[in-house]
Amino acid sequence: MTIRIMAGLLRTGEFLTQVPTTKTGASWAMSLNQAGTVEATVPLRSLPDRARDGLLANLEPWRCFLAAVTDAGRVLEAGPIQPHDYDDKSGHLKVGADGLWSLWDHRYVLDPTLAHVDLSWSGLSLGTIGKRIVETATAHDGGSLPLVLPDDIAGTHERVYPWWEYGKVAERLKQLVEVQRGPDIAFQPRLTPDGLGLEWVMRTGTDNDPLLHQVGADWQWDRGAVRSPLRLLSVKRDPSKMAFRQIITGDGMEDDRPISLAQDLTPTTDGMPLLESVESTNATDQATLDGYSSAYLQAARRPWQTWALATDQSSPEVGLYRPGDWATVHIPQGHIYLTAGEYRTRILEVSGGLDSKVNLQLAPTLENR
């Protein structure tokens, strides 16, 4: 599979040119609930003067975007160009772009007429409130973008954004993501039907299913399969948050502060030392505190594992799976470190370059051995 780096106009999505680079001079990354990246190193000195001048005009920060596009027509990541880094010794120009999430750090939740009025929405899902925020931002003069927005979904949520807070669009969207059962939000680039440009599809989770993920079966990688595309697997174990006694403090002063304690000292009978943890919350209800302490204890009984995979562009093809999708890794009998079985988690990041190697970062999971 071939991946090329394209440049185009951000406001319209129109492609302008393919960026000349080498296989080792470009990279891309897709990330969950944040901006991905596209980078290209251009050997400016080797280009004819006319071609160089034309290319530089097509790499203007903010006005133009970079996109990593496969020959199968999948856009891995795309977003506005930001930094330029030119090295006169080599004659190389490194151009970087961040995904469309990065643009929202430079836009504010304000009425399109700039009137001093609060913006408020109610009776909607959290994802649709996020859509309203983006709709408002793109309704300003000069704010239009080639965006495809999701359908409205009714809900029970309400948000009020006072004009005087001057909250950034990115900040408000992340606040929606980070609340309990908040929706994932993605701005996924894709080719336009004519293939001459791209558009960004805003995807959001719903109140009933807040996670963005594939429809259907998990993506599969098998460490023991013959001719497996899985080249490398690395595992980090983090026991720093382990605890067998969990104390949760609520909101209050000194002796009046409500407290919940949960513990399971079984591991200490097998030689583990007693490990304790104390966390504070703003909760005042005892049942809420008890729920917190029980949940914290459950999550602290064993180390957390974080997996990284290195695979190739096929089986499954790069661009089919995206951050947020579910993946299952099969570990065979006789592995020198891991217990045999199936390990399931979500994909947090997918990255690579123009060669055949693809890297995946998987979400941390509680160790199951």
Side-chain angles (χ1 to χ4, degrees), residues 1-10 13-31 35-100 102 188-191 195-198 200 229-232 234 308-323 347 349-361:
M1 181 177 293
T2 302
I3 298 174
R4 65 189 190 277
I5 305 298
M6 301 294 295
L9 295 173
L10 182 71
E14 175 191 356
F15 286 136
L16 295 174
T17 188
Q18 180 171 340
V19 180
T21 186
T22 64
K23 276 198 171 184
T24 59
S27 63
W28 52 270
M30 302 180 283
S31 298
T37 59
V38 182
E39 292 185 345
T41 299
V42 183
L44 283 181
R45 191 168 288 151
S46 66
L47 301 178
D49 290 348
R50 181 176 297 179
R52 181 171 59 246
D53 294 342
L55 177 63
L56 289 174
N58 295 333
L59 298 177
E60 185 178 350
W62 291 114
R63 178 174 174 269
C64 300
F65 67 80
L66 288 185
V69 185
T70 73
D71 56 7
R74 301 186 191 102
V75 185
L76 303 176
E77 184 57 283
I81 292 173
Q82 296 182 42
H84 280 208
D85 186 359
Y86 174 69
D87 180 4
D88 197 42
K89 182 177 180 180
S90 65
H92 287 180
L93 171 67
K94 185 175 181 179
V95 182
D98 292 329
L100 199 66
S102 66
Q188 182 175 326
R190 70 181 182 190
L191 293 181
L196 300 179
L198 57 78
W200 283 267
L230 182 56
R231 300 179 181 182
L232 295 172
S234 62
L309 311 180
T311 183
D312 61 28
Q313 293 179 355
S314 62
S315 188
E317 288 187 4
V318 66
L320 289 177
Y321 52 90
R322 303 192 72 87
I347 300 171
E349 181 178 282
V350 185
S351 62
L354 302 189
D355 58 10
S356 61
K357 183 180 177 182
V358 178
N359 299 307
L360 290 88
Q361 295 289 330

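Excluded from the calculations below are hydrogen atoms, water molecules and symmetry mates; all remaining heavy atoms, backbone and side chain alike, are included.
- Residue Met30 holds its CE atom at 5.5 Å from CG of Leu76, rounded to the nearest 0.5 Å.
- Note: Arg74 CZ to Arg190 CZ = 14.5 Å, rounded to the nearest 0.5 Å.
- Side-chain N/O atoms of Arg231 and Ser356 include a donor and acceptor closer than 3.5 Å.
- Side chain of Thr17 to backbone of Val19: no donor-acceptor contact under 3.5 angstrom is found.
- When each of Leu100, Val38, Leu198, Leu16 is checked for a side chain to side chain contact (heavy atoms under 4.5 Å, CB included) with Phe65, only Leu198 meets the rule.
- Remark: Ile81 CD1 to Cys64 SG distance equals 5.5 Å, nearest 0.5 Å.
- Listed here is the closest heavy atom pair of Ala35 and Ser102: CB-N, 3.8 Å.
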**Asked** Can you check side chain to side chain donor-acceptor pair (under 3.5 Å) on Glu77 and Thr37, steps first, answer last?
**Response** CA-CA 7 Å; Glu77 184 57 283; Thr37 59; over 6 Å; no

**Prompt:** Would Ser31 and Glu349 satisfy side chain to side chain donor-acceptor pair (under 3.5 Å), going step by step from the backbone distance to the final call?
**Reply:** CA-CA 4 Å; Ser31 298; Glu349 181 178 282; 3.2 Å; yes

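- Heavy atoms only, all atoms of each residue included: Ala68 and Trp28 are closest at CB-CB, 3.9 Å.
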**Asked** Between Asp85 and Leu93, does a side-chain contact (heavy atoms from CB on, under 4.5 Å) hold up when you go through it step by step?
**Response** CA-CA 6 Å; Asp85 186 359; Leu93 171 67; 5.8 Å; no

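- Here CG of Asp98 is found 10.0 Å from CG of Leu66. Values are rounded to the nearest 0.5 Å.
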**Message:** Test side-chain contact (heavy atoms from CB on, under 4.5 Å) on Asn359 and Val350; report intermediate values, then the result.
**Reply:** CA-CA 6 Å; Asn359 299 307; Val350 185; over 6 Å; no

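- The distance from atom CD of Glu60 to atom CG of Leu9, rounded to the nearest 0.5 Å, is 9.5 Å.
- Under the 4.0 Å criterion applied to side-chain N and carboxylate O atoms, Asp87 and Arg45 are not assigned as salt-bridge partners.
- Nearest heavy-atom pair, Leu44 versus Arg52, reported as atom, atom and distance to 0.1 Å: O-NH1, 3.4 Å.
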**Message:** Using the rule given for side-chain contact (heavy atoms from CB on, under 4.5 Å), can you reason through Trp62 versus Gln82, listing the C-alpha separation, both sets of side-chain angles and the distance that settles it, and then say yes or no?
**Reply:** CA-CA 6 Å; Trp62 291 114; Gln82 296 182 42; 3.7 Å; yes

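- Shortest non-hydrogen contact noted between Leu354 and Ile3 is CD2-O, 3.4 Å.
- In terms of heavy-atom proximity, Pro229 sits nearest to Ser314 at CB-O, 3.8 Å.
- At least one donor-acceptor pair closer than 3.5 Å links the side chain of Asp71 to the backbone N or O of Thr2.
- Between Leu196 and Glu14 there is no side-chain heavy-atom pair separated by less than 4.5 Å.
- Looking only at distances, a side-chain donor or acceptor of Gln313 sits under 3.5 Å from a matching main-chain atom of Asp355.
- Scanning both residues, Leu59 and His84, for their nearest heavy atoms gives O-NE2, 2.8 Å.
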**Request:** For Asn58 and Phe15, run side-chain contact (heavy atoms from CB on, under 4.5 Å): C-alpha distance rounded to whole Å, both residues' side-chain angles, the deciding distance at 0.1 Å, then the answer.
**Result:** CA-CA 10 Å; Asn58 295 333; Phe15 286 136; over 6 Å; no

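- Taken from CG in Leu360 to OG1 in Thr311, the straight-line distance is 7.0 Å, to the nearest 0.5 Å.
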